[in-house]
Amino acid sequence: MRASDCKAELSRGAKFPDKPADPLMVHPDIRRMLLTAKSLIEGNRMLIAWVSRSLDFAAHSEDTKVRQDADDFVQLMTPVVKAFITDCAQECTSASMQVLGGYGYIQDYGLEQYVRDARITPIYEGTNGVQALDLVGRKLPLGNGRLLQQFFSPVGDFLATHAKNPDAAEFVEPLAQAFERLQNATIVIATKAPSNHDEAGAAATDYLTLFGYTALGYLWARAALLAQEKLKAGDDRFYRSKVQTARFYMTKILPRTSGLLATLTAGAEPLMSIADEAFGPFD
Ligand SMILES: Cc1cc2nc3c(=O)[nH]c(=O)nc-3n(C[C@H](O)[C@H](O)[C@H](O)COP(=O)(O)OP(=O)(O)OC[C@H]3O[C@@H](n4cnc5c(N)ncnc54)[C@H](O)[C@@H]3O)c2cc1C
């Protein structure tokens with residue numbers, strides 16, 4: 001079947017028959033791609049703002065403890081910010097190109113330039129694989145997990161504060177599940193990695209990515225509760241969009257943490273047991 005026939009067969013007729021064509025926005029798959037990009041980009045901007053604010057505290061606070069805590073947080077989050085966000089950039093630019101189909105691929109509309117520009121970012125200033133090793137091999141063990149507490153404490157406090165708030169449940173419950181997966185992944189790494197470098201290397205990228213999604217889950221939950229509060233004063237397109245995007249993130253993106261915990265737990269054996277010759281050539 002030709003692609004155009006398939007398109008016609010699967011379409012349930014025009015939604016706007018009075019217009020020359022339906023806009024792309026009527027299609028759920030287009031909305032999936034746009035919302036994926038929107039939720040990851042806005043979520044990552046929140047993450048950048050959070051870590052940047054801590055950089056200021058680390059450099060300028062007059063309180064020694066505030067400076068130390070902020071510095072611990074920045075050290076912990078630097079590989080996450082560098083690698084998770086640049087990995088997301090691949091997905092967001094590629095999905096955005098896909099939204100425009102063939103028009104996205106050709107040079108005339110400028111999207112392919114974004115895809116090419118984004119592609120270098122996981123490579124320079126230390127590849128993302130090496131950033132993940134930095135997180136797992138250096139940042140996690142530092143001070144017996146002292147750095148990690150700078151992330152785990154605020155998330156744990158937030159979950160405890162809102163555990164019984166029914167208005168928050170649709171955001172807090174998925175976050176609690178993702179956070180539990182991150183804690184379980186941390187235990188897996190703390191158990192296996194110190195005695196086996198391959199286990200640390202095999203887990204590193206899954207762990208960093210799980211960390212990134214959980215961080216965005218926390219920030220989206222906070223943003224959604226704040227936006228809900230603002231909406232009590234009257235409807236507002238900006239805040240309504242924030243609540244709806246948070247809802248998309250919690251239901252359509254954050255469950256990826258489940259798969260990441262599974263692949264992380266599968267360990268190094270499926271990677272390291274295959275002989276180099278198995279990659280070919282075979283003639
Ligand atoms: C356009 C461009 C601009 C650049 N600008 C600058 C600049 O201004 N200043 C500067 O200092 N550098 C710059 N670089 C260099 C950049 O920092 C390096 O390309 C980058 O750090 C990756 O190093 P590499 O190319 O040697 O790759 P490699 O280190 O050979 O990595 C190849 C692959 O192996 C993996 N790998 C390597 N070592 C390990 C390990 N120990 N454990 C697990 N996996 C590993 C990597 O993750 C990667 O997937 C630039 C590079 C490019 C392409």
Side-chain angles (χ1 to χ4, degrees), residues 37 40-41 44-45 47-48 51-52 55 58-59 71 74-97 104-107 109-143 145 147-148 151 181-182 184-216 256-257 259-281:
L40 290 175
I41 290 167
N44 278 319
R45 283 182 185 153
L47 180 58
I48 290 168
V51 178
S52 304
L55 271 170
D71 188 60
V74 169
Q75 283 197 57
L76 174 73
M77 298 306 283
T78 295
V80 179
V81 167
K82 196 283 179 184
F84 181 73
I85 297 179
T86 56
D87 279 343
C88 286
Q90 312 309 303
E91 179 173 3
C92 294
T93 50
S94 181
S96 302
M97 174 183 274
Y105 184 75
I106 59 177
Q107 283 192 329
Y109 296 93
L111 240 163
E112 59 82 36
Q113 180 71 55
Y114 286 118
V115 178
R116 279 192 283 136
D117 288 350
R119 188 58 192 89
I120 182 61
T121 58
I123 296 173
Y124 64 21
E125 295 184 13
T127 59
N128 284 3
V130 173
Q131 297 293 334
L133 286 176
D134 177 46
L135 176 65
V136 163
R138 290 177 56 220
K139 303 297 171 60
L140 290 193
L142 218 61
L147 272 53
L148 199 56
F151 179 79
R181 288 174 195 132
L182 181 63
N184 288 340
T186 309
I187 293 168
V188 171
I189 287 177
T191 313
K192 286 191 190 173
S195 57
N196 188 327
H197 286 308
D198 283 346
E199 288 294 347
T205 292
D206 285 337
Y207 184 78
L208 183 145
T209 311
L210 176 48
F211 208 121
Y213 284 127
T214 308
L216 262 56
R256 293 178 184 184
T257 50
L260 286 162
L261 177 60
T263 50
L264 181 148
T265 308
E269 201 273 342
L271 304 173
M272 306 313 284
S273 61
I274 186 161
D276 293 0
E277 301 79 63
F279 291 87

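Atoms within a ligand are numbered from 1 in the order they appear, just like the ligands themselves. We're numbering straight along the sequence, starting at 1.
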Non-hydrogen atom of Gly201 closer than 4.0 Å to ligand 1:
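In this structure, Gly201 fails to qualify as a contact of ligand 1 - no heavy atom is under 4.0 Å.
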Does the plane of the ring in Phe211 sit parallel, tilted or perpendicular to the ring in Phe151? Use 30° and 60° as the thresholds.
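Answer is tilted, since the angle falls between 30° and 60°.
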Looking at [atom], is any protein heavy atom nearer than 4.0 Å to it?
| atom | value |
| --- | --- |
| atom 3 (C) of ligand 1 | yes |
| atom 17 (O) of ligand 1 | yes |
| atom 9 (N) of ligand 1 | no |
| atom 43 (C) of ligand 1 | yes |
| atom 33 (C) of ligand 1 | no |

Over all heavy atoms of both residues, which pair between [X] and [Y] is shortest? Give the atoms and the distance, please.
| X | Y | value |
| --- | --- | --- |
| Lys192 | Glu199 | CD-OE1, 3.7 Å |
| Val136 | Pro141 | O-CD, 3.5 Å |
| Val80 | Leu76 | CG2-O, 4.1 Å |
| Asp198 | Ala268 | O-CB, 3.7 Å |

State, yes or no, whether a side-chain contact exists between [X] and [Y] at a heavy-atom distance under 4.5 Å.
| X | Y | answer |
| --- | --- | --- |
| Asn128 | Thr205 | no |
| Leu260 | Tyr207 | no |
| Leu47 | Met77 | yes |

Give the numbers and elements of all ligand 1 atoms closer than 4.0 Å to a heavy atom of [X].
| X | value |
| --- | --- |
| Leu133 | 42 (N), 43 (C) |
| Glu125 | 17 (O) |
| Gly126 | 21 (O) |

Geometric N/O contact Thr127 with ligand 1, under 3.5 angstrom
yes
Side chain, backbone, both or neither: the part of Asn128 lying under 4.0 Å from ligand 1 by heavy atom
neither
Determine, considering heavy atoms only, which of Ile123, Thr121, Val130 sits nearest to atom 45 (C) of ligand 1.
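Minimum heavy-atom distance to atom 45 (C) of ligand 1 goes to Val130.
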Please check: side-chain N/O of Lys82 versus main-chain N/O of Thr121, any donor-acceptor pairing under 3.5 Å?
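Yes.
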Which protein non-hydrogen atom lies closest to atom 51 (C) of ligand 1, naming both residue and atom, and how far is it?
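Minimum-distance protein heavy atom for atom 51 (C) of ligand 1 reads Tyr124 CB, 4.1 Å.
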For atom 53 (C) of ligand 1, what is the nearest protein heavy atom, given as residue, atom name and distance?
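Sorting protein heavy atoms by distance from atom 53 (C) of ligand 1 puts Ile120 CD1, 3.4 Å first.
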